[in-house]
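Some notes on the structure that comes next.
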Amino acid sequence: MSNIVAIVGRPNVGKSTLFNRLTGERKAIVDSTSGVTRDRQYGHSDWNGKQFSVIDTGGYVMGSDDTFEHEIRRQVQLAIDEADVILFLVDVREGLTPMDEDVADLLRRSTKKVLLVANKVDDSNMSNNVAEFYQLGLGDIYPIAGISGSGTGDLLDAVVSDFADGVIDTGDSLPRIAVVGRPNVGKSSFINTITGQERNIVTPIAGTTRDSIYTHYNMFGFDFNFVDTAGLRKKNKVEENLEFYSVMRSIRTIENSDVCILMLDASQGLEQQDLNIFSLISRNNKGVVIVANKWDLVEKDHKTHKEFEQLIRSRISPFEDVPVIFTSVITKQRIFKVLEAARQVYNSRSRRITTAELNEKLLPIVKEQNPPPAVKGKWIKIKYITQLPTAYPQFVFFCNLPQYIRDPYRRFVENRMRELWDFHGVPITIYFREK
């Protein structure tokens with residue numbers, strides 16, 4: 001089940017530090033200057049076997065207190081709308097501030113699970129300062145030190161206590177195809193066009209999350225479930241950050257799918273938000289088909305198609321073995337080619353390669369023709385390869401010194417595997433382990 005945890009709070013309380021702690025990465029920039037987080041960060045975490053997505057709310061720029069208050073209020077409201085658990089971070093060193101009280105006022109009115117987290121409790125003296133935050137009326141306080149990780153275990157126990165175990169059940173084993181992308185790129189128009197007015201071919205199946213709906217599509221030789229969130233709920237606020245909103249909803253849609261059709265607006269080119277969503281897809285190990293829609297609006301010559309495709313592949317590198325299709329939903333140009341590509345990617349993602357075939361075809365390459373380069377005078381010998389029994393392609397290479405395998409060699413191995421077997425549009429995970 002897809003769960004989203006959002007970290008909210010006023011500037012410089014340590015949201016990015018906590019984000020890095022929960023995701024085990026150092027993606028978010030941490031600085032003592034307030035307002036450093038300008039691009040929102042999205043990551044994954046798990047605790048006691050329960051996985052969830054983490055969002056570090058940021059995106060406001062330096063300005064007056066009024067600007068801060070407006071941006072923070074907007075982001076807290078978005079978190080209330082979309083997240084399952086909200087971590088409200090306050091700073092014990094600076095104490096309770098009017099801005100904290102404003103955020104708490106918004107959170108008290110919501111029905112979402114809110115955990116009040118007192119950060120920067122680095123010693124016992126700071127522990128005594130936690131009590132003043134009880135007046136916010138948000139219940140128990142979780143004292144932590146984001147830098148050292150102290151107290152985060154108890155916090156995570158509380159975060160995942162209501163999360164369900166298991167995998168999403170759509171009622172059948174049909175492929176789950178999601179259409180994702182920035183607002184106004186043509187997602188809903190695409191779905192409306194291929195489903196048409198033949199209402200007997202679409203049957204809504206309730207999803208396990210509150211905003212994922214599975215629509216059964218069975219026509220023209222295709223049989224799968226669409227995972228669609230577009231237009232299902234009216235937006236609560238007129239003024240809202242569409243970039244943030246679309247990504248929060250894309251997280252749920254992507255995690256509930258097998259293959260994602262990432263739709264771009266060809267008339268606007270490839271934007272950073274498109275790359276953010278592509279990154280979400282690949283990090284979740286989902287199949288992907290890139291669709292450049294509104295191709296009819298682009299002024300073009302005989303080179304435009306090739307140059308645009310090369311631009312896309314260069315920007316999504318190193319995972320560039322992806323179908324790229326140019327469409328116009330309005331003129332119905334190549335829209336069924338998109339479905340064919342999605343079906344082929346699904347089949348590739350589901351492919352199982354026997355251990356015998358893996359070792360017969362790949363072992364001579366990595367053992368004799370192109371073995372890993374020696375490190376510190378030590379030779380790395382790969383002895384055995386097998387595929388893991390998972391929903392997406394994962395492979396284990398057993399060798400004597402796995403710690404010396406570098407990223408360039410991983411990419412070399414992945415490229416050879418893509419040449420030997422069809423993994424077009426499918427992320428591959430490769431592990432090197434000691435036998």
Side-chain angles (χ1 to χ4, degrees), residues 2 4 6-7 16 19 23 25 27-29 36-44 53-61 71 74-75 77-79 81-83 178-191 211 227-232 235 237 239-257 259-284 286-295 297-298 308-309 311-320 322-327 329 338 425 427:
S2 172
I4 296 178
I7 306 172
S16 295
F19 173 87
T23 59
E25 303 178 25
K27 288 176 51 183
I29 300 171
V36 162
T37 303
R38 300 194 178 197
D39 294 319
R40 293 169 185 86
Q41 297 290 336
Y42 316 95
H44 286 278
S53 296
V54 185
I55 297 179
D56 173 17
T57 60
Y60 36 78
V61 295
E71 292 292 338
R74 182 163 62 176
Q75 294 199 33
Q77 190 60 56
L78 282 167
D81 289 345
E82 292 299 320
V179 183
V180 297
R182 291 184 291 110
N184 304 320
V185 295
K187 300 186 296 295
S188 296
S189 298
F190 173 78
I191 293 174
D211 63 348
V227 187
D228 181 27
T229 62
L232 292 178
K235 300 177 179 64
K237 299 292 179 183
E239 292 185 22
E240 67 182 351
N241 191 315
L242 287 177
E243 182 268 340
F244 190 32
Y245 185 86
S246 64
V247 169
M248 291 188 81
R249 304 197 68 188
S250 294
I251 288 173
R252 293 187 188 278
T253 310
I254 290 167
E255 290 183 348
N256 295 341
S257 68
V259 177
C260 296
I261 297 170
L262 173 56
M263 191 163 284
L264 321 176
D265 185 338
S267 66
Q268 295 182 9
L270 186 67
E271 298 191 1
Q272 183 58 43
Q273 179 61 3
D274 301 320
L275 297 175
N276 288 344
I277 297 175
F278 180 84
S279 177
L280 279 170
I281 295 169
S282 60
R283 286 207 308 267
N284 279 276
K286 308 298 183 180
V288 60
V289 177
I290 295 179
V291 175
N293 190 32
K294 306 185 183 181
W295 191 238
L297 303 180
V298 176
F308 198 98
E309 183 174 342
L311 170 66
I312 291 174
R313 296 194 188 282
S314 67
R315 296 288 299 280
I316 64 175
S317 182
F319 176 35
E320 56 189 64
V322 173
V324 179
I325 302 172
F326 295 83
T327 68
V329 172
V338 174

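For S314, the side-chain hydrogen bond (donor to acceptor under 3.5 Å, both in side chains) test picks out no residue, with sequence neighbours left out. Residues passing the side-chain hydrogen bond (donor to acceptor under 3.5 Å, both in side chains) test with E271: none are found, sequence neighbours excluded. F190 is linked by a ring pair (Phe, Tyr, Trp, His ring centres under 6.0 Å) to nothing, counting only residues two or more places apart in sequence or in another chain. For the salt bridge (charged side-chain N to carboxylate O under 4.0 Å, His left out) test, residues two or more places apart in sequence or in another chain that qualify with E309 are R313. With sequence neighbours left out, the side-chain contact (heavy atoms from CB on, under 4.5 Å) criterion links S279 to R283.
Of the possible donor and acceptor atoms, one in the side chain of K286 sits under 3.5 Å from a partner among the backbone N and O of S257. Looking only at distances, a side-chain donor or acceptor of N293 sits under 3.5 Å from a matching main-chain atom of V185.
Nearest heavy atom pair, residue F319 against residue S282, reads CD2-CB, 4.0 Å. The two residues A83 and A6 have their closest heavy-atom pair at CB-CB, 3.8 Å. Nearest approach of M263 to V179, heavy atoms of both residues: CE-CG1, 4.5 Å. Scanning both residues, A266 and A292, for their nearest heavy atoms gives CB-CB, 4.1 Å. Across every non-hydrogen atom of V259 and V288, the tightest pair is CG1-N, 4.3 Å. In terms of heavy atoms, C260 sits closest to I281 at CB-CD1, 3.6 Å.
With rounding to the nearest 0.5 Å, the separation of CG in L262 from CD1 in I254 is 8.0 Å. Here the CD1-CD1 distance, from I290 to I312, works out to 5.5 Å after rounding to the nearest 0.5 Å. Atoms CZ and CG, on R182 and L264 in that order, are 7.5 Å from each other to the nearest 0.5 Å. The distance from the CG atom of N284 to the OG1 atom of T253 is 11.0 Å, given to the nearest 0.5 Å. In this structure, the separation between OG on S53 and CG on L280 is 7.5 Å, given to the nearest 0.5 Å.
The aromatic rings of W295 and F326 sit tilted, their planes meeting at an angle between 30° and 60°.
Screening residues 259-268 for salt bridge (Lys or Arg N to Asp or Glu O under 4.0 Å) gives D265-K294 as the qualifying pairs, with residues at least two apart or on separate chains.
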